[in-house]
Trainee: 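Just dropping this structure here.
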Amino acid sequence: MTTSFFDDDDFVTTSTDHLCVECRRDVKSLYKKLPATGNGSLKTLIIADTPLLLPESESGKHIGDGEGWFKDQLRKHKLNLIEDFWIIGTTLCRSRSEYTKQEMSLCFSNITKFIKENKPKFVILLGEHAIKSWFMTRFSNLTQERWRGLCIPDFERGVWVIPIYHPYYVIANEKNNLIQSQYIRDLEFAINCIKTKPNLKNVTKPDFNDVVIMKDYDQVISELSYVLEKPPKFICFDYETTGLKPYRQGHKIASISYCYDYHKAFSFPYQYPHWKPIQQKQIKLKWCEILQNPSLKIAHNIKFEDVWSRIILQTNPAHWYWCSMIAAHSLDNRSKYTGLKFQSFINWGLPNYDKEIKPFLESVDDRGFNRVMQAPLNKLLLYGGIDSLATFWLYNYQKGAMNPHIEKGFDLFVEGTLALADVQIHGINVDTAYYRDTHIELDNRIEKTEKELLNYEECKKFEKAYGRLPNLGSSKDLELMFFKVLKLEPIKLTDSGKNNAVDADVMSKLNTPLAKAITDLARIKKVNGTYLLQFIKEIDDDGRIHPFYDLSTVKTYRGSSNGPNFQNIPVRNEEAKKISRSGIIPSPGHKILDFDYGAIEVRMGACYTKDPVLISYIMDSSTDMHRDTAMDIFSLRKAPLSFWKEKKTGNKLRFFTKNGFVFPEWYGSYYKNCAKNIWRECSEILTHEGITIKEHFKRISKLNGDAAVYEYFVNHVKKVEEAYWKKFKVFKQWQDNQYKYYEETGLVKLLSGFECKGYLGRNEIVNYAFQGTAFHGLLWSLTQINAEFQERQMLSKVIGQIHDCCVIDTHPKEEKLVRQISTDIATKRIREYFKWIIVPLIIEWEETKIDECWYSKIETREE
DNA sequence: GACGTGAGCGCG
DNA sequence: AAAGCGCGCTCACGTC
């Protein structure tokens, strides 16, 4: 007998049902309601996406497209959709359009009612809408990729909840066996959970009474003394602070919490009006002593606690041992995953314990201060205590989940994050006056230019049509103006496919004076807003900016930077480069040196694939791989070698070959796209015979029309592609093995440790490996260089990192030493540490003169 | 007014 | 047969 929410008749018209009155969605004949169904012998409720599901869908009733495939998969596990599960829709109604949050939450009462009546032990969320409706009230960032493959103890609703993709995703990508294999793994995971997880009732719920709130001075001193007398092996701690960065006057550590036991955390106010000055002094002495004691230190983001301890308490924590944030990242590379709140929820079902405190921790001004001091003290301390507790639990869980390969990467990152704490603290000197003045200047320039542009005929026509002048910074208005009012031919769509793109590329093709002027204006606005303004906001009391360098956010196990982002300051466009870099200066009397790894992607490619042809290209510096490929791409075997060095011709062709063919091919692109891009960039470049590439191919093909010649070129690139992969056949073979390994295991292993997982495409499977590993070389080098500078008590400091580049604020007297140490570490010692580096690495130096800005830097000439 | 998202663009 | 990849930040815009 089927248990169902409503009668098990096919469809029930909505009008008869009182539950849906509030929703008010127009549910006429086409939009029918589908009641819950199934026998649920596994005590498992499947909540399926509905917006994808049309009533006339042939492929399945409840799950919709992909239902047949889903059933087949269940059958392989000897399961039956109707017998073993209950199924209900995210919304009972079916509609062609998306449901609003409100509609989804109204309909959710049907789901809660079902759960109350049938008491499932597990809930499987099938697809993004199901995930949204389930977590909506508690979390943002509700994408499938963030939540899939987890089994969460949801105490609030009394079930284990297991979100996975909707099988529609597999059907829509029918030919992609990588997606299919990953889905099968996720489903296996879900079924395994259902078979093995205990009843949630028997799982211990975290208890907030485990937090000891200490507002009594004697108690604080006595507990801290206890820790000092009997140092625990491990201690987790956590600060609540007045902001993210401690460098400005007035920043404080409001409270401290710590935990060394599964069921006990301590939490006390620190720089808080609560204490008399003498009391606070005593507490500080004790706490700093703890920071130095032999206990192994653990925190969620150790870089944060390290920096604040050093700046506010002037104490360097000793024996950092575990960073649960980096560990979380190491165990799972997906993005938006490592936050403590998220981790606490997915592991122990702790939702929203920060709800009341969160508003007090958000910065309220341009200067980065929050209102933590106004937060209710008891709640603040409780919150901090839970953080420490959760960190301790996380550590214990993570320790068991590690394997030696992942731990190798983890160790590198823990050391790296502490080196980056030094980098953050040192910061970068800037010319504040320059940035302020230039910002004002640009504001004026932008205003003036905007006025001028609005006088153009095109803008007047826009005004006529819409009764207002266009906003030249709005892509919507530009789209209207160029393609609706002026009726120009659209060139391409945006990524979402919803709109006609109006980016710089399109603007240049529109080829009108206004379009060109708009692009120029947009660039200046970008420089003014993203760089100048951002820098000015971030200048601290020491006249320096202190960008963050994080290691726990990027899927590929690269690093990231923010506040301001030091990794995307303009360099290609001369004017943008000049404006934004002119205010970045060395410390007084210093110069800025930086080195970057030469052709690091190619070298990593060689380390992974061990392709002998690739290796010999690298080893023999008289050869040039990209030049040789360019000769093939452009059929220019006969051009003299000197031609390939000419800036405006041969060298450009080589450049576009490298970036338009070689790398895209490595990462999974193919001849058609490559040919298109190369033709666009290169068809007007001159050959050694002084004719354009287009003309050159006209001669070769003996064809006349542009289209015919282009077609010939595409076909030619196809042949080059075939020959290329024949030449680098070991590389190709490695690529294929890499795909196969992922298909079987769902993993991409990096040579430097770590493994990437999740839904990866062919391109990502290759790209992630090279990208992450290349950064790890730089990170290891930076860590060692930083350590050696410190050991020698040098004045020179590492001040930044840009993926494969290391920036050093150098004292001129130490310049030679800086180069020596860095070169030794980055090219020689690194190969003793990473044995898998089987080709030589090279670094290239650039430098400024003493006291001169980063814009003025020039390449260091080889001696 | 806060928040999320899309488009666009800066870097490797 | 075929989608190069990864970030952070700003602005505009629509929704809550």
Side-chain angles (χ1 to χ4, degrees), chain A residues 98 100-102 105 132 136 140-143 173-179 333 335 359 362 471-479 492-507 518-519 522-523 525-535 537-538 547-550 553-573 576-577 580-581 596-597 600-601 659-674 677 718 721 748 756 760-772 774-775 778 800-805:
Chain A
E98 298 271 320
T100 66
K101 264 191 162 182
Q102 203 177 20
S105 73
K132 277 211 168 84
M136 209 162 45
S140 51
N141 269 338
L142 300 172
T143 60
N173 298 282
E174 203 176 5
K175 282 166 192 154
N176 189 331
N177 45 359
L178 299 177
I179 289 177
N333 64 308
S335 48
E362 281 160 357
N471 175 351
L472 298 178
S474 154
S475 16
K476 208 161 203 167
D477 280 4
L478 294 186
E479 188 187 0
K492 64 174 182 190
L493 294 175
T494 59
D495 283 343
S496 71
K498 288 178 192 162
N499 307 90
N500 293 313
V502 286
D503 57 20
D505 178 44
V506 170
M507 286 301 172
I518 287 173
T519 308
R523 184 164 50 242
K525 274 184 163 175
K526 169 93 177 166
V527 170
N528 198 34
T530 302
Y531 301 101
L532 299 198
L533 190 59
Q534 179 73 1
F535 289 171
K537 278 186 191 163
E538 295 287 354
F548 288 105
Y549 294 97
D550 292 332
T553 61
V554 182
K555 287 193 280 193
T556 59
Y557 291 108
R558 261 196 185 177
S560 64
S561 168
N562 69 83
N565 183 349
F566 191 65
Q567 297 178 324
N568 69 346
I569 303 170
V571 67
R572 293 171 200 165
N573 178 276
K577 176 183 180 185
S580 27
R581 292 191 177 219
D596 59 70
Y597 277 103
I600 193 67
E601 271 175 283
N659 294 308
F661 179 80
V662 178
F663 289 145
E665 286 278 345
W666 281 21
Y667 301 141
S669 187
Y670 78 123
Y671 70 92
K672 264 190 192 165
N673 284 332
C674 297
N677 292 333
K718 186 180 176 191
E721 180 188 70
V748 173
C756 298
L760 303 181
R762 296 175 80 80
N763 34 31
E764 290 145 332
I765 289 169
V766 175
N767 182 260
Y768 281 26
F770 295 1
Q771 195 179 93
F775 169 64
L778 186 275
Q801 165 266 116
I802 315 173
H803 307 305
D804 68 347
C805 166

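These figures come from a predicted structure and were not determined experimentally.
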Trainee: When we call it a touch if two heavy atoms are under 4.0 Å apart, what does A:K525 touch: a base, just sugar-phosphate, or nothing?
Mentor: nothing
Trainee: Is there a donor-acceptor pair under 3.5 Å between the side chain of A:E174 and the backbone N or O of A:N176?
Mentor: no
Trainee: Within this structure, what is the NZ-to-P distance between A:K476 and C:dA12, rounded to whole angstrom?
Mentor: 14 Å
Trainee: To the nearest Å, give me how far apart CE (A:M136) and C1' (C:dT15) are.
Mentor: 14 Å
Trainee: With a 4.0 Å cut-off on heavy atoms, is A:A522 in touch with a base, just the backbone sugar-phosphate, or nothing at all?
Mentor: nothing
Trainee: Could you tell me whether the side chain of A:D477 reaches within less than 4.5 Å of the side chain of A:L472, counting heavy atoms only?
Mentor: no
Trainee: Expressed as a whole number of angstroms, how long is the span from A:L472:CG to C:dC11:P?
Mentor: 15 Å
Trainee: Decide yes or no for A:N500 and A:T494: does some side-chain heavy atom of the first lie under 4.5 Å from some side-chain heavy atom of the second?
Mentor: no
Trainee: If you draw a 6.0 Å radius around CD in A:E362, do more than 12 non-hydrogen atoms from other residues or ligands fall strictly inside?
Mentor: yes
Trainee: Base, sugar-phosphate alone, or nothing: which one does A:R762 contact when heavy atoms must sit under 4.0 Å apart?
Mentor: nothing
Trainee: Should A:D503 and A:K492 count as side-chain neighbours, where that means a heavy-atom distance under 4.5 Å?
Mentor: yes
Trainee: Give A:E665 one of three labels, base, sugar-phosphate or nothing, depending on what nucleic acid heavy atoms sit under 4.0 Å from its own.
Mentor: nothing
Trainee: Can you tell me how far P of B:dC9 sits from CZ of A:R523, to the nearest Å?
Mentor: 10 Å
Trainee: Base, sugar-phosphate, or nothing: which does A:G473 touch, judged by heavy atoms less than 4.0 Å apart?
Mentor: sugar-phosphate
Trainee: N/O contacts under 3.5 Å, protein versus nucleotides 4-8 of chain C?
Mentor:
| from | atom 1 | to | atom 2 | distance (Å) |
| --- | --- | --- | --- | --- |
| C:dG4 | OP1 | A:N673 | ND2 | 3.1 |
| C:dG4 | OP2 | A:N673 | ND2 | 2.2 |
| C:dG4 | O3' | A:N763 | ND2 | 3.2 |
| C:dC5 | O2 | A:Q771 | NE2 | 2.9 |
| C:dG6 | OP1 | A:K555 | NZ | 3.4 |
| C:dG6 | OP1 | A:E764 | OE2 | 3.4 |
| C:dG6 | OP1 | A:Y768 | OH | 2.8 |
| C:dG6 | O4' | A:Q771 | OE1 | 3.1 |
| C:dG6 | O4' | A:Q771 | NE2 | 3.4 |
| C:dC7 | OP1 | A:K555 | N | 3.2 |
| C:dG8 | O4' | A:N565 | ND2 | 2.9 |

Trainee: Given 3.5 Å as the limit, does a donor-acceptor pair link the side chain of A:Y531 with the main chain of A:P564, or not?
Mentor: no
Trainee: With sugar-phosphate meaning primed atoms plus P, OP1 and OP2, does A:I569 contact a base, only sugar-phosphate, or nothing at under 4.0 Å between heavy atoms?
Mentor: sugar-phosphate
Trainee: Taking the side chain from A:R581 and the backbone from A:I569, do they hold a donor-acceptor pair closer than 3.5 Å?
Mentor: yes
Trainee: Could you tell me how far apart A:I765 (CD1) and C:dA2 (C1') are, to the nearest whole angstrom?
Mentor: 14 Å
Trainee: Side chains of A:E601 and A:Q771: donor-acceptor distance under 3.5 Å anywhere?
Mentor: no
Trainee: Please tell me if the side chains of A:T556 and A:F770 come closer than 4.5 Å, counting only heavy atoms from C-beta onward.
Mentor: no
Trainee: Give me the stems containing DNA chain C, sorted by first residue, counting only three or more consecutive Watson-Crick or G-U pairs with both distances under 3.5 Å; say none if there aren't any.
Mentor: B:1-12 with C:5-16
Trainee: Begin from the C-alpha positions of A:L178 and A:I765 and carry the test side chain to side chain contact (heavy atoms under 4.5 Å, CB included) through to its verdict.
Mentor: CA-CA 10 Å; A:L178 299 177; A:I765 289 169; 3.7 Å; yes
Trainee: Checking all strands, does A:V527 fall into the base, sugar-phosphate, or nothing category for heavy-atom contacts under 4.0 angstrom?
Mentor: nothing
Trainee: All N/O contacts under 3.5 Å from nucleotides 3-7 of chain B to the protein, with atom names and distances to one decimal?
Mentor:
| from | atom 1 | to | atom 2 | distance (Å) |
| --- | --- | --- | --- | --- |
| B:dG4 | OP1 | A:S140 | OG | 3.2 |
| B:dA7 | OP1 | A:T494 | OG1 | 2.8 |
| B:dA7 | OP1 | A:S496 | OG | 2.6 |
| B:dA7 | OP1 | A:N499 | OD1 | 3.0 |
| B:dA7 | OP2 | A:S496 | N | 3.4 |
| B:dA7 | OP2 | A:S496 | OG | 3.1 |

Trainee: Grab the OH-C1' distance between A:Y597 and B:dG12 for me, whole Å please.
Mentor: 15 Å
Trainee: Which word best sums up how the rings of A:F663 and A:W666 line up, parallel for under 30°, tilted for 30 to 60°, or perpendicular for over 60°?
Mentor: perpendicular
Trainee: B:dG12 phosphate, OP1 or OP2: any side-chain N/O from A:R572 under 4.0 angstrom?
Mentor: yes
Trainee: Are side-chain heavy atoms of A:Y670 and A:K718 found at a separation under 4.5 Å?
Mentor: no
Trainee: Could you check whether A:D596 gets within reach of a base, just the sugar-phosphate, or nothing at all, counting any heavy atom under 4.0 Å?
Mentor: nothing
Trainee: Starting from C1' on B:dG8, measure out to CG on A:N471 and report it in whole angstrom.
Mentor: 14 Å
Trainee: Quick one: A:Q801 CD to B:dG12 P, roughly how many Å, whole number?
Mentor: 12 Å
